[in-house]
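Each remark here refers to the structure printed beneath this line.
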Amino acid sequence: GAVVSQHPSRVICKSGTSVKIECRSLDFQATTMFWYRQFPKQSLMLMATSNEGSKATYEQGVEKDKFLINHASLTLSTLTVTSAHPEDSSFYICSARRTTVAGELFFGEGSRLTVL
Amino acid sequence: KQEVTQIPAALSVPEGENLVLNCSFTDSAIYNLQWFRQDPGKGLTSLLLIQSSQREQTSGRLNASLDKSSGRSTLYIAASQPGDSATYLCAVNDEGKSTFGDGTTLTVKP
């Protein structure tokens, strides 16, 4: 199956710093990628839809100035958590859909962010 | 707004049993439905994808069905094994956006 790679898998940072998480589709082109946040023992919460070459679409309640998303190529999307605070600590997962809107969705392995 | 519900929230069975996980959704206008597996601290692994025009998909010991009109899908796991222990999530895709259920956490005891 298709592979989506996410990096880093774990990151610990100090409060106030910024952290960048990368999401790459390794063997297919993804015009659209998705970023989710998952709290312990809860399901995925869609944060934003990342579109190649255009601005991301953020879900209601997600601060676009805090969670910067860049989709610079058909295989790479990045999520930057700016001025991170302890409440931003969470599991962040990206996904990419192959080909059409009805295509299969593939997920990265996730990135565990801990803000001290 | 699409809502996805998974029942039960948790399930514990002895090894070898056949089991069924349930997923229901409120809006039947979907493109497809996808079942995932998530191990603790990991991302999601795609198990089966059922397009809206299909009624079922099979992969090994897994069989997923879809009844779009009633807004239901089931994931059938045959001859369960301890390695099947994980959280199973269903996701309904409409207009390019996926809505996830809260998952069923399965424990298969040796």
Side-chain angles (χ1 to χ4, degrees), chain A residues 1-10 21 23-26 28 30-52 56-60 89-114, chain B residues 1-11 21 23-25 29-54 57 59-60 62 64 66 68 86-107:
Chain A
V3 178
V4 174
S5 173
Q6 200 170 328
H7 177 81
S9 58
R10 292 181 181 273
I21 301 170
C23 179
R24 294 180 184 272
S25 56
L26 298 185
F28 67 99
T31 54
T32 303
M33 291 184 174
F34 305 89
W35 287 96
Y36 300 84
R37 184 172 181 175
Q38 187 177 36
F39 292 102
K41 297 188 178 181
Q42 293 188 26
S43 191
L44 284 76
M45 181 193 79
L46 179 65
M47 298 174 64
T49 301
S50 169
N51 301 296
E52 188 269 335
T57 303
Y58 290 82
E59 295 299 302
Q60 191 173 10
S89 299
S90 190
F91 193 55
Y92 295 88
I93 311 178
C94 72
S95 69
R97 191 176 304 282
R98 182 159 56 181
T99 61
T100 68
V101 68
E104 193 170 355
L105 196 63
F106 295 94
F107 280 81
E109 281 292 297
S111 299
R112 172 74 60 190
L113 171 63
T114 302
Chain B
K1 178 184 175 184
Q2 182 74 268
E3 293 182 3
V4 180
T5 303
Q6 288 188 247
I7 295 173
L11 181 63
L21 307 180
C23 174
S24 61
F25 48 96
I30 66 171
Y31 283 102
N32 57 44
L33 184 145
Q34 198 166 352
W35 281 93
F36 295 91
R37 168 186 174 139
Q38 185 177 31
D39 293 291
K42 300 291 185 180
L44 279 67
T45 300
S46 178
L47 297 174
L48 289 165
L49 171 71
I50 310 178
Q51 298 294 349
S52 61
S53 59
Q54 298 175 322
Q57 283 286 333
S59 176
L62 305 179
L66 175 64
K68 200 173 67 166
T87 296
Y88 291 81
L89 292 151
C90 73
V92 174
N93 178 33
D94 46 16
E95 297 292 336
K97 182 181 291 187
S98 296
T99 304
F100 286 82
D102 287 338
T104 294
T105 298
L106 172 66
T107 302

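Every chain is numbered from 1, with letters handed out A, B, ... down the list of sequences.
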message = Among D102(B), T99(B), L44(B), which residue has the highest count of heavy-atom pairs closer than 4.5 Å to chain A?
response = L44(B)
ask   = Any idea which of G41(B), P40(B), G103(B) has the most non-hydrogen atom pairs under 4.5 angstrom with chain A?
value = G41(B)
Test log, rule ring pair (Phe, Tyr, Trp, His ring centres under 6.0 Å), inputs F107(A) and F100(B) = CA-CA 13 Å; F107(A) 280 81; F100(B) 286 82; 5.8 Å; yes
request  = Using non-hydrogen atoms and a 4.5 Å limit, figure out which bit of Q6(A) sits close to chain B: side chain, backbone, both or neither.
outcome  = neither
request  = Apply side-chain contact (heavy atoms from CB on, under 4.5 Å) to T45(B) and list each qualifying residue two or more places apart in sequence or on a separate chain.
outcome  = none
key: Where Q38(B) and F91(A) come nearest, the two heavy atoms and their spacing   = NE2-CE2, 4.0 Å
Part of Q6(B) within contact of chain A (heavy atom distance under 4.5 Å) = neither
ask   = Is a side-chain donor or acceptor of S43(A) paired with a backbone partner of G101(B) at a separation under 3.5 angstrom?
value = yes
key: Engaged part of L89(B) at the chain A interface, taking heavy atoms whose separation is under 4.5 Å   = side chain
message = If you define the side chain from C-beta out and look only at heavy atoms, does anything of Y36(A) sit under 4.5 Å from S98(B)?
response = yes
key: Residue pair L105(A), N93(B): steps toward the side-chain contact (heavy atoms from CB on, under 4.5 Å) verdict   = CA-CA 9 Å; L105(A) 196 63; N93(B) 178 33; over 6 Å; no
